[in-house]
Number of protein chains: 2
Amino acid sequence: MSIFNGNKNFYMFEKHDLNKFFYPKSIAVIGASTKKGSLSWELINNLIKFGYQGRIFPINPKAEVIQCLKVYKSVTEIKEKIDLAIIMVSRNLVLQALDECYKKKIDAILLITAGFKETGKSGANLENELVRRVNIYKMKLVGPNCMGIINMEESVSMNATFVRNTPVSGGIAFVSQSGALGAAVLAILEQKDIGIIHFISIGNKADITENEVIKYWKDSDVIKVITVYLESLSNANEFLKVAGEVTKLKPVIAIKAARTASGQKAASSHTGALASSENVVNTIFQQSGVIRVDTVEDMFDLAKCFDRGSLPLGNRLGILTNAGGPAILASDEADKWGLTLPSLSAATINKLKEFAPEEASLNNPVDLLPPATAEMYAKATELMLKDENIDSLIIILGPPLMLDTIEIAKAICDATKVSKKTSVLVLMSQDENISKLSKLDKTHPPILNSAESASRCIGRMYSYKIWKETKSGNLIKYDENKIKTAKYINVLKKGEYYLDFETTYNILKTYGFPVIESKIAKDLQESVGIAESIGFPLVIKAEAKGLIHKTEAGAVITDIKNIEELVQAENLILSRLKEKGFEKDFIGFVMQPFLKGDVETILGSFKDESAGHLIMFGMGGIFVEVYKDTAFRVAPVSDKEAESMINYIKGNKILSGIRGKKPVDKEFIKENILRLSSLVCDFPEFIEIDFNPFVVSSDKKKCRILDARIKFKS
Amino acid sequence: MSIFNGNKNFYMFEKHDLNKFFYPKSIAVIGASTKKGSLSWELINNLIKFGYQGRIFPINPKAEVIQCLKVYKSVTEIKEKIDLAIIMVSRNLVLQALDECYKKKIDAILLITAGFKETGKSGANLENELVRRVNIYKMKLVGPNCMGIINMEESVSMNATFVRNTPVSGGIAFVSQSGALGAAVLAILEQKDIGIIHFISIGNKADITENEVIKYWKDSDVIKVITVYLESLSNANEFLKVAGEVTKLKPVIAIKAARTASGQKAASSHTGALASSENVVNTIFQQSGVIRVDTVEDMFDLAKCFDRGSLPLGNRLGILTNAGGPAILASDEADKWGLTLPSLSAATINKLKEFAPEEASLNNPVDLLPPATAEMYAKATELMLKDENIDSLIIILGPPLMLDTIEIAKAICDATKVSKKTSVLVLMSQDENISKLSKLDKTHPPILNSAESASRCIGRMYSYKIWKETKSGNLIKYDENKIKTAKYINVLKKGEYYLDFETTYNILKTYGFPVIESKIAKDLQESVGIAESIGFPLVIKAEAKGLIHKTEAGAVITDIKNIEELVQAENLILSRLKEKGFEKDFIGFVMQPFLKGDVETILGSFKDESAGHLIMFGMGGIFVEVYKDTAFRVAPVSDKEAESMINYIKGNKILSGIRGKKPVDKEFIKENILRLSSLVCDFPEFIEIDFNPFVVSSDKKKCRILDARIKFKS
């Protein structure tokens, strides 16, 4: 079908920016070479061979005809309207080509040429100039340093890349930051039965980023699942918002590579130190429902399952096999992903007995043994899918003995169609049969080559189903006094620094946090008076300019029981400060009641440049540094997200009461997480906040922030 | 070469039990069918087609000739000596076949027939009878319910399975508990270039187990690496010993499936509860140097690397690629496995500049970009392998643009041969080229299809190299008074029960453990006297028959400061015991000094039926239940193993001193691990021991076992 026949699909996205990239009616290839084997020659060849349904205009000042197409000296020579310009000239000619596109009123540019910011400073300068002009010209640009775009919809049939491949029908969209990795995937579409419908290589992401692409794909009916390969997040906070919306409609699976490139942050704050770039990425993905995978194989195995399979309604898995070992490996993996393998109903087992070999195992997994025939497999598949104890089914076909694999596999495929339940076929050690079978049966279920992967996929599909059905939480406001709090903040001097004790205390009190009663004593005499008003036992902490790690400096003494001990403790701290050179910067002693015997947690916030303010909650004390048992979310945090933070940490078992202890007041922890989220949304100038320890107890009145630190930046 | 030509290899194992299985000069196939397509027909066909170098004697009472071979009615009819009988008759005829083998003096039996203990009770009874006769007849038996044996050595050329395949030369031995999984692997040898030399399917392991097979392969010159697929360990303690020896000579890679089948043990003891069957398997593998992998792909990727590659001398990895994305994924994975990616030397970089494309990245990873030619790849491979900063090299070849993959890959293979350093070639998305290339170049380096897997393999090879070079530790004896300790034990009554306080205290004291000074008071009056002798603050714990979880029962009160508090505390505990019905079983109050402020650890032992006594060390307190931060070893534990236990746990950071605290006395912890190991070796009747908490401090004198529990069984 031609695009000029008024095909509806072709126009459905007209309102979006990226339509001209995925549905161009005409393409100019600037830098088209006459030389067979060159990138541009191959790209034009791919467009033609794939049956592109629009017109192609090669641009080359020195040629007349390229691959039977009339050649133009410049885009400005063309009379017809051009939707998309693909620029493939050498990098010193790129800006000129861009200018000519502007003259010709082309506003969608696919820039394949490399040699920009990926090569160093002069390349980066050129890229900056490129972006400047793209903005002035109000163009949209994909690239540079990318590999092109594919739209396999029949009405478009566009392979605007230089990778030869054979399309497979399907609903997978794929955006790749790496061109080479994209090429490696495109090369195996047929072999692995990966049904890619849209592909885009975004290269250096000078203008269009993953966020725009993912958003664009949200409403497309032809796209069932989105796959993403990234080496960096262009804007993590925007990604969170975009992906968070898209994943409620269709799954997004992502690889985020370059894990080790995480910048090592100085450990000046606990929350800051724990918010590694890995944690940020994991938080963004988790909070937006993006499924993170580590390998390309995992990504496309799962994408195939989403593309061809339905979502499992529950976590009860059935396994049918002719090989015991792989079924056990699949069961092990299923367990890791929260799936169970229930017994089949008695009715199913009785029916299986009618035809299964005598030695067959009819527990779940059902093992029909190597001589299992096509007929046995088909019957067992139907029976298991009909069993009410089972939500999804993995059918493993090990290399059958003296039987035709394709015949058996085809019978299984047919049998799966009796049910809408999720089923995945595993052809072990028979890679070549996957593509054979997929050609033979266009509506086959997902076919993988690894039983473990099948379990992993179904586990992840089930988790996704839960995510999709979970309603978003609410943003809760408490009685925070924003106006009064602002008064404390408005008087702060500009710069980046830790707030002093009094300001910190006043802000937190005003905003409604349970900071422990704290008073500051400038000297010994004053401290005696305060001690009598607070009562013993108490804690004293030295307050001095620049003194951040008080415990390590020996500037905190706990469990002071009387005046005598108080005097000794203050003298001890003063002499320690002297040793460390803090004598002149001494401000006073912060004095607090001494609470003990409860659970120490940590609650904090850290502003990440790309993701925004992260909120962290975790187990405190010396254990935070060792077990790093913490949960992160990007603010604003909803009530459900706050609950999920508390439930996520392993220490939740301790919070829930262990060895006969009462559970702590989790509602109150939640309230404080939400208050902290509100605080940093109201006052983004607070770039680091740590409540450490935040002591919690079954009694709300005993839940107290014992120490707090705020870093301010304006 | 025929085995009858006196080939040396053929006889080299004669002293071993399994020689007749792997090097038989004559085979009788009992139950040989004339029907093409039957299992026995296929097995004989495989023997012939593979070019088996010995004689085959088919046994079938009703046939004359099978596949051109003379058929015998029974083995007893054969005049020639038979080394190996392969029994394939239906299961009701198996015992008769065995009896006939005995008459014919055949002592090596490969029993393929299924339908034994895997099918239930009657099958299990049959298997018991089978084993009984095998023992009486002094035979060795492989199976039942197995798939056969392969020896691909040219002088033997025996494929005694019913799986058709094409051999690939190599030095990998493979033992599989699952026949079907074995078959799945055999089906892809050529496709994946897996050079298997010996294969054995051990089925139900009625007689010969993995332990005998692995031990047998230890001294074979043709075997470079051993791979193992297990669903159960036949004898974990023996496995530990056998594998521990073999891995010092050659690597053993294992999959242990059926993780979820782990029996859930009741949490009657901490060590017992934590010693899950998963932990036992991990301990056995770790302690014996066996490399545990989860998937078949991982196992054979790694086996290929060991088979064809040399061990890396250090952990410095170089990566050469034409595709950025896969190189980043490989770098991420390398980091996980403890490898580093150092910069190349200036000399190397300068030489690379001479021919690399202008935009190429010459940092490590070196990215030559998609147009990289065979010549460039070859030169860069040689240069990087010669670089003194690099110990091993991964060469990634993404699908090249318009160039011949095989030509480039061949050039890379040749270039790797200039160096003895480890190199791994990755052919991405070009599975079919792996087998092509391996035929073209018989001495090629390992070729994988995944860049991440290549990093994982090199990381594991490096870890193995460290393991291989690490000398075993020593078993240390302290001043334990075994004879005096035995006196306490000899008087104990038979049965399975927890020892009472006094016996526990006496045994531990006598054996040299730092149990805290503890006295037992029968009543209030007695306790006042003891309190005065011990001094305040102190701890009291109720001692009552059957009272195990004292803290949960509220039967422990700490930090008692004076006589008044003591009286109140004792009354409180007594009323709690009354509530819980322990009143009549009350024995007395154990009284100890109250120590505080130090680090709580847990030290214990648990007797596993298959592995023997496990020793456990970990972080104690409420955290042990949540973070499960523990390390296990099977006793006897050497000094080095005790050190590695302490270093293994995450809490080692706390033990080493955190936030300015002094490190605890790790030497003393080690001493107590070793004492405990001695204790359970001297007295295996102690089936569970828990020191919880074992409080440790920088001062040895303050390291004390505060609570101890011993379960005795005789």
Side-chain angles (χ1 to χ4, degrees), chain A residues 37 39 42 114-115 118-119 162-163 176-178 180-181 183-185 187-188 191 229 231 255 257-260 294-295 297 322-326 328-329 331-332 335 358-359 369-370 398-399 401-402 428-431 450 452 551-552 554 622-623 625-627 629 650-651 653-654 658-660, chain B residues 37 39 42 114-115 118-119 162-163 176-178 180-181 183-185 187-188 191 229 231 255 257-260 294-295 297 322-326 328-329 331-332 335 358-359 369-370 398-399 401-402 428-431 450 452 551-552 554 622-623 625-627 629 650-651 653-654 658-660:
Chain A
L39 293 189
E42 289 290 330
E118 78 279 12
T119 57
F162 37 81
V163 181
S176 178
Q177 186 170 346
S178 159
L181 194 125
V185 172
I188 52 167
Q191 186 189 336
Y229 172 85
E231 287 161 11
I255 295 176
R259 287 177 182 252
T260 52
D294 282 340
T295 69
E297 289 73 26
N322 65 351
I328 292 179
L329 292 175
S331 310
D332 287 354
D335 184 69
E358 197 197 342
E359 294 101 7
L369 304 178
L401 297 168
M402 287 70 82
M428 284 192 60
S429 304
Q430 308 152 76
D431 283 2
S450 146
E452 297 99 308
T551 306
E552 288 81 344
I622 51 171
F623 292 92
E625 291 167 37
V626 176
Y627 299 114
D629 188 14
K650 287 186 187 163
K653 205 171 157 183
I654 296 172
I658 200 168
R659 298 200 191 168
Chain B
L39 293 190
E42 290 289 331
E118 78 279 12
T119 58
F162 38 80
V163 181
S176 178
Q177 187 169 347
S178 160
L181 194 125
V185 171
I188 51 168
Q191 186 188 335
Y229 172 85
E231 287 161 11
I255 295 176
R259 288 176 181 253
T260 53
D294 283 340
T295 69
E297 289 74 26
N322 64 351
I328 292 179
L329 293 174
S331 310
D332 287 355
D335 184 68
E358 198 197 341
E359 294 102 8
L369 305 178
L401 298 168
M402 287 69 81
M428 285 193 61
S429 304
Q430 307 150 79
D431 283 3
S450 147
E452 297 99 309
T551 305
E552 287 82 343
I622 52 172
F623 292 92
E625 291 168 37
V626 175
Y627 298 114
D629 188 15
K650 286 186 188 163
K653 206 172 154 182
I654 296 173
I658 200 168
R659 297 199 193 170

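Below, all heavy atoms of this structure are taken into account, side chains as well, without hydrogens, waters or symmetry copies. Letters A, B, ... are given to chains in the order of the sequence lines, protein chains preceding strands, and every chain is numbered from 1.
A/V163 and A/A183 get closest at one heavy-atom pair: CG2-CB, 3.8 Å. Residue A/I328 comes nearest to B/A257 through the heavy atom pair CG2-CB, 3.5 Å, listed as atom of the first residue, atom of the second, then distance.
A/I255 touches chain B through its side chain: at least one heavy atom from C-beta onward sits under 4.5 Å away, while N, CA, C and O do not. Only the side chain of A/Q191 comes within less than 4.5 Å of a heavy atom in chain B; its backbone stays farther off. Contacts between A/E42 and chain B at a heavy-atom distance below 4.5 Å involve the side chain alone, from C-beta outward.
Qualifying salt bridge (Lys or Arg N to Asp or Glu O under 4.0 Å) partners for A/E231, counting only residues two or more places apart in sequence or in other chains: none. Residues meeting the side chain to side chain contact (heavy atoms under 4.5 Å, CB included) test with B/E452, sequence neighbours left out: A/T295, B/L329, B/E333, B/S450, B/R456.
Side-chain atoms of B/Y229 come within 3.5 Å of backbone atoms of A/G325 as a donor-acceptor pair (strictly under, hydrogens ignored).
The greatest number of non-hydrogen atom pairs below 4.5 Å with chain B, out of A/V185, A/L181, A/L369, is found for A/L181. Of the listed residues A/A114, A/S178, A/S176, A/G115, the one with more heavy-atom pairs under 4.5 angstrom with chain B than any other is A/S178.
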